[in-house]
Amino acid sequence: MRARFGDPARARANWGDGDHDEALVLRLARDELWDAEIRRQAVASGLPAVTVDGSRDVRDLADDLAVRFRLAARPPR
């Protein structure tokens, strides 16, 4: 996100003239709270949650999601 809003004009258009570093910190903190709430609701509802954090190969993640959404059979490992 830092690179996305590295252009001062774009950052101003999205976050105004305030401290853009502080805005980024606040936005990431907000996103972390949102993630925790969604995970809490998933657990409470007995639903699975998929972590997308860059630790898995994109193809493996896509295959996993395709199986979860019944778009494909589980690929052989």
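In this chain, residues are counted from 1 in sequence order.
Val52 and Leu65 end up in the same hydrophobic cluster when Ile, Leu, Val, Met, Phe, Trp and Tyr side chains are linked at under 4.5 Å. In this structure, Val58 is not a member of the same hydrophobic cluster as Phe69, with clusters built from ILVMFWY side-chain heavy atoms closer than 4.5 Å.
A salt bridge links Asp35 with Arg39; the closest basic N to acidic carboxylate O contact falls under 4.0 Å.
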Next item on the list: Using the salt bridge (charged side-chain N to carboxylate O under 4.0 Å, His left out) rule, take Arg59 and Asp63 through it: C-alpha gap first, then chi angles, then the decisive distance, then the call.
Entry: CA-CA 6 Å; Arg59 188 174 307 272; Asp63 289 344; over 6 Å; no
Note to self: Would Val50 and Leu61 count as a side chain to side chain contact (heavy atoms under 4.5 Å, CB included) here? Give the steps.
What the structure shows: CA-CA 9 Å; Val50 177; Leu61 180 61; 3.7 Å; yes
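In this structure, a donor-acceptor pair under 3.5 Å is present between the side chains of Asp53 and Ser55.
Looking at every heavy atom in both residues, Ala42 comes nearest to Pro48 through CB-O, 4.5 Å.
By the salt bridge (charged side-chain N to carboxylate O under 4.0 Å, His left out) test, Glu37 pairs with Arg40, sequence neighbours left out.
Here the CG-CZ distance, from Asp64 to Arg56, works out to 4.5 Å after rounding to the nearest 0.5 Å.
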